Amino acid sequence: MTLAREAGNLADLGTEPYYLPVGDEVALFAAAYAARLPVLLKGPTGCGKTRFVEHMAWRLRQRSGRDLDTPLVTISCHEDLTATDLVGRYLLKGDETVWSDGPLTRAVRTGALCYLDEIVEARKDATVLIHSLTDHRRILPIDKTGELVSAHPDFLLIISYNPGYQSILKDLKHSTRQRFVSLEFDYPDLERETEIIAREGALPETVAKRLAVIGQKVRNLSAHGFEEGASTRLLIYTGQLINKGIEPRRAAQAALVDALSDDRSVQAALADIVDAVLPAPR
Amino acid sequence: MWDGRLGMIALADVEQRLALFAEAMNGGHLHIRASADAPLDAHQATAVPSAQSGDNLYLPATLEADEPGLYRLLALQQIARREFGGLGFRLSIAYRRVPGLEGAAAGAPPSRASDRWRFYHHFPNPRLAAALLEGFERIRLNAAMAHAYPGILPLLRVQHSLLRQRPETHPASPAALSLFQFAIGAAPSCPQDHILHPIARRLLPPGTDIYDSAKALWDAFGQLDAQAGEALQEVSDPVSAALELAERQVRLEDWRQEERRLDGALLAAEMLESEQLEASRGQGGGAVRDEQVNIKAIRDQRDQLSRRIGLEHSALRNALGAEDQQGRSYRYDEWDCHAQAYRRNYCRLFELALPPKDDADVAALRCALEASRPAVQQQLEQIKPQGRQRRWGLADGDEVDLNAAIAARQDIRAGRFPDERLYSRRERIHRDVCTVLLIDLSASTDDPVEKPDAPPTASPYSAQEDDPYLWAKANAAPTPPQRRIIDVQKEAAAVMAAAMERLGDSYGVYGFSGYGHECVEFYVAKDLQEPFNAAALARIAAAQPKRSTRMGPAIRHAVHKLANSGNALKVLLILSDGFPQDCDYGPERGNHEYGLHDTAKALAEAQQKGVETFCVTVDRSGHDYLRRMCPDARYAVIEELEDLPAALTKVYLGLVG
């Protein structure tokens, strides 16, 4: 596997990814795409940002009728991610040296959506790279080949970051963030979160609602190192464990309590919340 | 079979965990307090949950039981009052929901009674009405809780089992006893059971509220009256004063909300009138406009409500005792040197924000910062060259990493794809230091700074002293405000903050004071994660002399913050002007041994947790007690107060440089 392919996760989006809207984010994103305005998604971990992007990529593909192999390219950014990982590099093939496009370049050429997840984690040379793609020029300069790639008309860049998680050193610069339309995400309300957990965990509504209640209660402890509380993702994991036959309290212990904190006293308090909301095992 | 012997659970043993649980279930911080009314033989307290009053949760200091989860149940039973509509009773709504209530003759309750009390006075025996409503509410709330939080069912069963075995905890009046027995699953034994129990069952399904209980009470009284009128004359159990206070506090919140709404309506009406006046200027007319009448009516209504709020606020404050602090509270142990043991959760510390100041005090701090800049800069230069190091194996940099380049060449020769990280560069080291600067804000810091002998001032009279008509005060300068210890401390804090900011260290600036073990105050001027900006400087400027000097809990709370910082090097710098003292910091007022020992213990605990501590005092007699208080003689006595800013910075740089 090449380094370039490792950097990108290429989704084919054959079936509709489930997503339950909480506001007008679907309409806003569709309008931004129609105007080819880059989009920035902000929100805590596990609240549905990536799932939203997948859902919108599927919707747009259905609407356009284009049959792309990879309509959505997702790249999880990290502190070692460089411009080269995104743009491409020369590879050795036998005695030859051949150029291999990176995931960003592939998306730009083919007109896919490119989603850079946790963009602030990437190195500065990677974030500066996207400036020319996100203004009126819509071009990607490839220094190593001397090429200026004009973006396909259907290309759109989407980035995400978690404002509450980042350290001061890794904040998104204003020259970058002001190139994007921002969509703010948060955990859904009790009713919607119940529906999501029930659907994703294949659970009865009563059980899903109890898990959603646990999520709400844990998020009330935001002043105790739970700035992000219990994510919807963790609640879904708990539901999935229950669906596979794990006793509910044990599932919550493994997927929620032990995952959220290593502090014994905090774990005890979280376990108390779980024990209050979920019935005792028979 | 229960033989009457059970364990004893202390609130202090479970309080920390319980506080987190209560905050999560309530959706807001709650100060947990031992209920003063609860007897030590606290199974009595399990019978009647004490009320949640404002942001306080009153629980018995001890429980005679083997199940510590009972404290969670008691906390949840109180929180459930608010969650399931058990507080905030409004007579106007009761009139709509309870047919016949509005027409009933009502007695005269006390002048500031809550709507709930006024509702009781619609019954021939208000105290019995109160007891029965409480009985219906217990049944309703327990059922609502069990439905929403099924996990507490085992605890409810334990509680009910304990109560069944302790008839001394049961209500005295037969009607109230009937409902109580229904609630705890006891065998029916009262003549009113056949009336009251069917009515109570109506409250078991989810989705009910207090007005359903009010209707149940109305129906119950009606049937009891029809059946046996003398039952309504029975003396009932005392009514919970705490519940009445809780109702009045909720009503006060509603009044404040209404006051804000009226403020908004008044502002909107005034703006509208102003626009209309502008539009109709010149058209004359002396009649009072409709808008003016409207504004006057709204203003009168708002003012009347404001007066009522003020009176009620004072009344509740008197009833509840000392006004509750608005900040979060924390509990800390205190070392009792006489008993050679910790007093568990003895101190309550409130973390409070310092309101920023926007006046000359801030300007004075800015001047001090500017004046100290050269000296601090010089001290920082001694550390900064060590603040950078070279990193190897990078994808870009200012020099080639020869080892990496050679390895890459080898890979190419071997037919493998080479690693591209062939460079190195110098990077700034991010210092892994976290510091808390803790400043004593006791009343003694209001004392003036003793200045050394100043040179004689110039004569206030003009040179023509032989002309009696021309004597005048020449260039008489206004007397400057006297500098106090607190002013010098604030300057030192600002200078230190600037130095730490330049170094890139993580730090917080806090003050402490308070009065008594239940009211230790911990003021936040700049928290660990906050930037040092104009707002932080304004908050430092806002620090004022307060009250006492209970150092132990303040140190423990500072250490708690440092321990959670995640930094490798943790430093606690304490700036004080005297020895630790407080109104109850020891059995004898004036004897400081207890406070000294507790503070020494707190500093020793800090050391055990890996925190470097240092005490700086401007008390010239500080050697006498600091040598006993501070481990490893980690203290300094500053003889000249004006040297404090520079000395403090030097101490800090010596610790972390």
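Hydrogens, waters and symmetry mates play no part in the numbers below; they use all other heavy atoms, side chains included. Keep in mind it's a predicted model, so treat the numbers as computed, not measured. Naming: A, B, ... by sequence-line order, numbering from 1 per chain.
Ranked by heavy-atom pairs under 4.5 Å with chain A, the list B:L394, B:I152, B:L155 is led by B:I152.
In the displayed structure, B:Y423 atom OH is contacted under 6.0 Å by at most 12 heavy atoms of other residues, nucleotides or ligands. Atom CD of B:Q16 is surrounded by 12 or fewer heavy atoms from other residues, nucleotides or ligands within 6.0 Å. Within 6.0 Å of atom NE2 in A:H78, more than 12 heavy atoms from other residues, nucleotides or ligands are found, so the atom counts as buried in its surroundings. For B:D398, the CG atom counts as densely surrounded, since its 6.0 Å shell holds more than 12 non-hydrogen atoms of other residues, nucleotides or ligands. Shown here is A:Y237, whose OH atom has no more than 12 heavy atoms of other residues, nucleotides or ligands within 6.0 Å. More than 12 heavy atoms of other shown residues, nucleotides or ligands fall within 6.0 angstrom of atom CD in B:E399. Surrounding CZ of B:R421 are at most 12 heavy atoms belonging to other residues, nucleotides or ligands under 6.0 Å away. Heavy-atom neighbours of B:R409 CZ from other residues, nucleotides or ligands within 6.0 Å: at or below the threshold of 12.
Atom CG of residue B:L20 and atom CD1 of residue A:I273 lie 8.0 Å apart, to the nearest 0.5 angstrom. The line from NE2 of B:H29 to CG of A:L221 is 11.5 Å long, rounded to the nearest 0.5 Å. In this structure, the separation between CD on B:E420 and CG on A:D85 is 7.5 Å, given to the nearest 0.5 Å. Interatomic distance, A:D263 CG to B:N564 CG, rounded to the nearest 0.5 Å: 7.5 Å.
Here side-chain hydrogen bond (donor to acceptor under 3.5 Å, both in side chains) pairs that include residues 207-218 of chain A, with residues two or more places apart or in two chains, are A:K217-B:Y149.
For a residue to count as touching a neighbouring chain, one of its non-hydrogen atoms must lie under 4.5 Å from one of that chain's; by this rule A:T82 touches chain B with the side chain only. Only the side chain of B:R72 has a heavy atom closer than 4.5 Å to any heavy atom of chain A.
Residues from residues 274-282 of chain A that place a non-hydrogen atom less than 4.5 Å from a non-hydrogen atom of chain B comprise A:D275, A:A276, A:V277, A:L278, A:P279, A:A280, given in numerical order.
Closest non-hydrogen pair, B:F417 versus A:Y90, comes out as CE1-O, 3.2 Å. The two atoms that bring A:N220 and B:A24 nearest to each other are ND2-O, 2.7 Å, heavy atoms only.
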